[in-house]
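In what follows, chains are A, B, ... by sequence order, proteins preceding strands, each numbered from 1.
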Number of protein chains: 2
Amino acid sequence: MKELKSSVQKTFKILEYFTTQKPEWGVTELAKAIGSNKSTVYRFLADLTKLGVLYKHPETEKYSLGLKLFELGNRVQLKSAFVDKTHPELIEVAKSITETVHIAVFKNYQIFHIDKVESPQGLKLSSRIGSSGPAYSTALGKVLLAFLPTAEQEQALQVIMTEQSPIAFTEYTITNRQTLQKELIKIKEKGYALDREESEMGLICVGIPIFNQHNEVVASLSASGPSNRFKEENVVNYVTTLQKGATAIRQRIDYFKP
Amino acid sequence: MKELKSSVQKTFKILEYFTTQKPEWGVTELAKAIGSNKSTVYRFLADLTKLGVLYKHPETEKYSLGLKLFELGNRVQLKSAFVDKTHPELIEVAKSITETVHIAVFKNYQIFHIDKVESPQGLKLSSRIGSSGPAYSTALGKVLLAFLPTAEQEQALQVIMTEQSPIAFTEYTITNRQTLQKELIKIKEKGYALDREESEMGLICVGIPIFNQHNEVVASLSASGPSNRFKEENVVNYVTTLQKGATAIRQRIDYFKP
DNA sequence: AAACATCGTTTTAATATATGAAACATCATC
DNA sequence: GATGATGTTTCATATATTAAAACGATGTTT
């Protein structure tokens, strides 16, 4: 904590420790994890709790993220001006496809999941809304890359290949720049991206771009399911349904740009 | 800003200024509004932007709430352990009722909207997820109050009547403690609350409680619509459908307590 | 039941960080 | 090209933040 200059940074460094994997922390525990003084962390937690940013469990005395963050999170424009407007359409698409449907945007050279509607069927994905993931190994990511303006795509590929040093999650993951570039060209031609077990064995995914009324890619839409259920011959139908959804979304979001 | 001691408080005081009504701010403007120095606010905004908590529009140079808050907001347990699990059920209820459906919890003696599914029909409410509102003038609020343990209800009524000094939004709004208390008893007997234009003229609302597996009220569920469409004879049907939803939700949330 | 841990909380003086006035930069508009 | 409105940087000063230590409460071990 010595390296951090401003209290603002310290505040959010603390909040970042409250993850899905570890949503509850005690003072001492957290101070140890952050490598900071106990009383310093104590004061931060106390302050944040008073504001409702953290919640202190009456019995366990452990802290977790509070309603204030839920409140602020819902005020973010991406949520109020995009997700809220597109969600009903997502429900429609999911109903018609009967597989899990996702929307993602491109952020920091990664995909950022902003909404999903889960398949009513047993097998589901476990992606979290508000979570990030690699762009190179997913249909959502590849399609976002494919429809980026050339200069931006160049730069994105550069960053992905150098700073992220792609990991082969499965034997099908594309980790090579040339291969990815060719794939992106093909995606742009076909209008959709396919991910056949590139990020996880047994998982298949189709993704299409969502354009705003300036014809800029603003997000991508996907359907995904287990490989045994996700038949080759359905892909065309999925794409058609997704595109119908994308068109409807386009009407609703005006000139939105994330 | 002089009165505020910790930077944590200053940070969230700043974030609170980014509302739905005014989601974008410039430095000078915001400094004036807060009553603080320009360069101080500038540094806060710069720090917050670097962290992704705020977003600085490339052209307008204005600041707005950023994706980091969306991310953190989705990690709040109420969202990940409650809303995510209950949302599909909400969709079902809304589909079957064909009116807007809401879920709220009780917080700080107010109702806190945590999820909604809008009616596909033209006329809609404009409540925001993550927003608070009075408990005494809504079906969601009255039903939450009605099923509170006696001691807590006492205290809640006390706070509401003294600190909130109820406002008569319409001629039907209950602003009197005795009247409200009688109403709560009736609600508990009947098992549901009705709001006939008590918070807004032309708006009718039915609400029922959601219990967890310890039989504690954890939330309330409502259907609402314009008075011309919302016929008396449908209320029973609505209640039945809502209760079916509440039962399904109860299964999914285990012993959740907000 | 005494001794020992472990946790949250409070206190303190030392110091690092936040502050605000002023100057500067950039951009419109007049 | 002067004027006024932005955002941004600088710097001495004031002040909030820091960390060690002590405290109190609770639970665990011997």
Side-chain angles (χ1 to χ4, degrees), chain A residues 1-19 21-69 77 257, chain B residues 1-19 21-69 77 257:
Chain A
M1 201 117 138
K2 274 240 178 60
E3 339 75 54
L4 294 176
K5 274 171 266 176
S6 79
S7 295
V8 174
Q9 286 174 71
K10 288 171 213 158
T11 301
F12 283 92
K13 168 145 195 193
I14 285 174
L15 292 179
E16 288 288 3
Y17 272 81
F18 293 82
T19 59
Q21 286 72 40
K22 180 120 183 59
E24 295 192 324
W25 289 90
V27 177
T28 310
E29 196 186 10
L30 182 56
K32 221 172 274 174
I34 295 183
S36 177
N37 192 279
K38 206 170 53 157
S39 54
T40 301
V41 172
Y42 173 76
R43 231 171 359 81
F44 271 91
L45 297 186
D47 276 0
L48 288 166
T49 304
K50 211 182 305 172
L51 294 164
V53 176
L54 289 179
Y55 171 75
K56 188 178 181 178
H57 195 101
E59 284 141 41
T60 65
E61 304 253 284
K62 300 271 182 211
Y63 296 84
S64 56
L65 298 179
L67 291 189
K68 182 56 76 188
L69 287 171
Q77 297 214 350
K257 205 175 171 191
Chain B
M1 200 118 139
K2 271 241 178 61
E3 341 76 54
L4 295 176
K5 274 172 265 179
S6 78
S7 296
V8 174
Q9 286 175 68
K10 288 171 214 159
T11 302
F12 283 91
K13 168 144 197 193
I14 285 175
L15 293 179
E16 288 288 4
Y17 272 82
F18 293 83
T19 61
Q21 285 72 40
K22 179 118 184 59
E24 295 192 323
W25 289 90
V27 177
T28 309
E29 197 186 8
L30 182 55
K32 222 172 273 175
I34 296 182
S36 177
N37 192 281
K38 204 170 56 158
S39 55
T40 301
V41 172
Y42 172 76
R43 240 168 343 86
F44 271 89
L45 297 186
D47 276 359
L48 288 166
T49 303
K50 211 182 304 172
L51 294 164
V53 175
L54 290 179
Y55 171 74
K56 187 178 181 179
H57 195 101
E59 284 142 40
T60 64
E61 305 252 286
K62 300 273 182 210
Y63 296 84
S64 56
L65 299 179
L67 291 190
K68 180 58 75 187
L69 287 171
Q77 297 213 350
K257 205 175 170 195

Inset, instruction - Please determine if a side-chain N or O atom of T40(B) lies less than 4.0 Å away from the OP1 or OP2 oxygen of dG20(C). - result: yes
Inset, instruction - Can you figure out which of dT17(D), dT9(C), dG7(D) approaches the side chain of K56(B) most closely? - result: dG7(D)
Inset, instruction - State which of dA21(C), dT19(C), dT18(D) makes the closest approach to the side chain of K10(B). - result: dT19(C)
Legend entry - Which residue lies more 5' along DNA chain D, comparing R43(B) with V8(B) via nearest heavy atoms: R43(B)
Inset, instruction - Would you indicate which nucleotide in dA18(C), dT8(D), dG20(C) comes nearest to any side-chain atom of V27(B)? - result: dT8(D)
Legend entry - Y42(B), nearest nucleotide to its side chain (from dG7(D), dT17(D), dG8(C)): dG7(D)
Inset, instruction - Return the value, rounded to whole Å, for the distance between atom CD1 of I34(B) and atom C1' of dA18(C). - result: 15 Å
Inset, instruction - Give a yes/no answer on whether the side chain of S39(A) brings an N or O atom under 4.0 Å of OP1 or OP2 in dA19(D). - result: no
Legend entry - Side chain of Y63(A) - closest among dT9(C), dT17(D), dT8(D): dT9(C)
Inset, instruction - Take atom CD of Q9(B) and atom C1' of dA16(D), then tell me their distance rounded to the nearest Å. - result: 12 Å
Inset, instruction - For L45(B) and dA18(C), give me the distance from atom CG to atom C1', rounded to whole Å. - result: 15 Å
Legend entry - Nucleotide of dG7(D), dT9(C), dA18(C) approaching S7(A) most closely (side-chain heavy atoms): dA18(C)
Inset, instruction - For residues K22(B) and E24(B), report the shortest heavy-atom separation together with the two atoms involved. - result: NZ-O, 2.5 Å
Inset, instruction - Tell me which nucleotide among dG20(C), dG7(D), dA22(D) gets nearest to the side chain of K38(A). - result: dA22(D)
Inset, instruction - Would you classify K62(B) as touching base, sugar-phosphate or nothing, given that sugar-phosphate means primed atoms plus P, OP1 and OP2, and contacts are heavy atoms under 4.0 Å? - result: nothing
